[in-house]
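Scroll down for the structure; my scribbles are underneath it.
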Amino acid sequence: MIEVERLTKRFGSTLAVDDLSFSAAPGTVTGFLGPNGAGKSTTLRAILGLVRPTAGRTAVLGRPYRELERPAQQVGAVLETFDAHPGRSGRNHLRVLARAAGLPTSRVDEVLALVELTDAARRRAKGYSLGMRQRLNLAAALLGDPEVLVLDEPANGLDPQGIRWLRDLLRSFAREGRTVLISSHVLAEMAQTVDEVVIIHRGRLVRHATMAEVEAMAAGAARVRSPDAERLASLLADAGVDARVLADGLLAVSTTPERVGEIAAGHGVVLHELTAERATLEEVFLELTGGAGEQ
C-alpha cells in the first residue's frame, strides 16, 4: 500500500504539489499521470523519502519510507536517472547494490534473467542502449523481491516488444498481491497495463478512477453506420438526439446504441454498424488537464 495524504511541497515560491491525496492498493497497478510540471516526480520522490514535504505525509506499507526496517526488500524504485558506473558490467553493478543492501548475490542472476539481460550481463554499462539501461534499472529495483514498486517512466527507450514485456511483468507482480505505482507518458500502453489512474494537474488531484470508470466516461454515445445515414440523422434529430454525419455513412450519435436501434427499427432504417463509444485514457487525460501535454 502507498498512501499520499494532503501532500504539499514548495520549492521557494514554486508550489510543486498542492494538498494532494491518493492511495495505491496491493494487487493493483496504478498509473500516475500529469502534464510536464504537474508534480509527478516530486510526489514520487516524496514517497521514497528523497524530498521532505512542506506539509502532509506519505507512507509505504503503513509508515514513512525513512522508517522502513528493510527498505531494499520492501520497496523497489526506478527513477529517471541511470546510476550504473559506465565501466562496470551490468552484473557487477547489481552485485555492488546487492552487497550494499545486505542481499545475497545469488539474486543478481535471478533478476538479470527476469529482465532478460543475461546475455548482456558481462558487457559494460556504457555500451548499453537506453532500453537495456531501463531493464538494468528495473533489475536493481527487483533485487530485494519487494512488496512495492515505484516506477518513473520505466518504458522510456523500450521497443514495442519491450513495452509488452514490461506490461506482462507488472501485471504478474500485481497478481501476487503487490503494489505498483507507475508514471508514464505512453497513455495507450498505460490503458492496457493499469487497473487505476491518478491524474494530477498543477500539483492537485483532478481524477482518481478505475480504468473501468474511465472507459465508461463516454457512455451514452454511439457510432452508427447506415446506407441511409442522412435519413437516420434526420430521424434522430426529430427525436432530440444530436447526430453528426462523418463520412461513408458513419454517424457520431449522442445517445445509447439501444436508443439508436429502437429509432432505426421503428422506421425501417438498415444499420451496418452500431457500437458504443468509449473514452480513451488519452481523451480523458486531455479533457481533465485542459489539453496540456503529457511528459
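This structure is a prediction, so every number in the text was calculated from the model and none was measured.
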Consider only side-chain heavy atoms of I, L, V, M, F, W and Y, link residues closer than 4.5 Å, and tell whether [X] and [Y] are in one cluster.
X	Y	result
L48	V60	yes
L235	V245	yes
V180	M211	yes
L15	L20	no
L130	L112	no

Measure from the side-chain N and O atoms of [X] to the backbone N and O of [Y], and report whether any donor-acceptor pair falls under 3.5 Å.
X	Y	value
T8	D19	yes
T255	V241	no
Y128	A120	yes
Q134	E153	yes
R66	G49	yes
S226	V270	yes
T179	M1	yes
S21	R6	yes
R178	P146	yes
E67	P64	no

Of the non-hydrogen atoms in [X] and [Y], which two are nearest, and what is the gap between them?
X	Y	answer
R133	K126	NH2-O, 4.0 Å
V51	F11	CG1-CZ, 4.5 Å
A155	I163	CB-CG1, 4.3 Å
P104	A98	O-CB, 4.4 Å
A243	L236	CB-CD1, 3.8 Å
I2	L181	CD1-CB, 3.8 Å

CA sep, side-chain torsions, deciding dist, call: R122, R91, side-chain contact (heavy atoms from CB on, under 4.5 Å)
CA-CA 6 Å; R122 297 183 182 277; R91 175 178 281 114; 3.6 Å; yes
So L136 and V115, side-chain contact (heavy atoms from CB on, under 4.5 Å) or not? Walk me through it.
CA-CA 7 Å; L136 187 61; V115 303; over 6 Å; no
Supply the atom-to-atom distance [X] [atom1] to [Y] [atom2], rounded to the nearest 0.5 angstrom.
X	Y	atom1	atom2	result
R124	N92	CZ	CG	10.5 Å
S183	M190	OG	CE	6.5 Å
K40	F32	NZ	CZ	7.5 Å
R207	L288	CZ	CG	5.0 Å
R225	L274	CZ	CG	12.0 Å
R70	L61	CZ	CG	9.0 Å

Quick one about E110 and S106 (side-chain donor to acceptor, distance below 3.5 Å, no hydrogens or angles considered), yes or no?
no
Is any side-chain N of the basic residue among D195 and R171 closer than 4.0 Å to the acidic one's carboxylate O?
yes
More than 12 non-hydrogen atoms from neighbouring residues, nucleotides or ligands closer than 6.0 Å to [atom1] on [X], yes or no?
X	atom1	result
E176	CD	yes
D119	CG	no
Q192	CD	yes

Within a strict 4.5 Å, meaning less than it, do heavy atoms of the [X] and [Y] side chains meet?
X	Y	value
L166	L138	yes
E196	H208	yes
F285	V197	no
T28	T30	yes
P154	I182	yes
R231	H267	yes
V253	L232	no
L246	R223	yes

Between V111, D109, L117, T105, which is the residue that forms a side chain to side chain contact (heavy atoms under 4.5 Å, CB included) with L94?
V111
From L79, T43, L44, residue fulfilling side chain to side chain contact (heavy atoms under 4.5 Å, CB included) relative to V150
L44
Please evaluate residues L151 and L170 with respect to the criterion side-chain contact (heavy atoms from CB on, under 4.5 Å), reporting the C-alpha separation (whole Å), side-chain torsions for both, the decisive distance (0.1 Å), and the verdict.
CA-CA 10 Å; L151 309 176; L170 298 182; 3.7 Å; yes
side-chain contact (heavy atoms from CB on, under 4.5 Å) between R202 and D18: does it pass, once the steps are laid out?
CA-CA 8 Å; R202 297 177 179 172; D18 184 9; over 6 Å; no
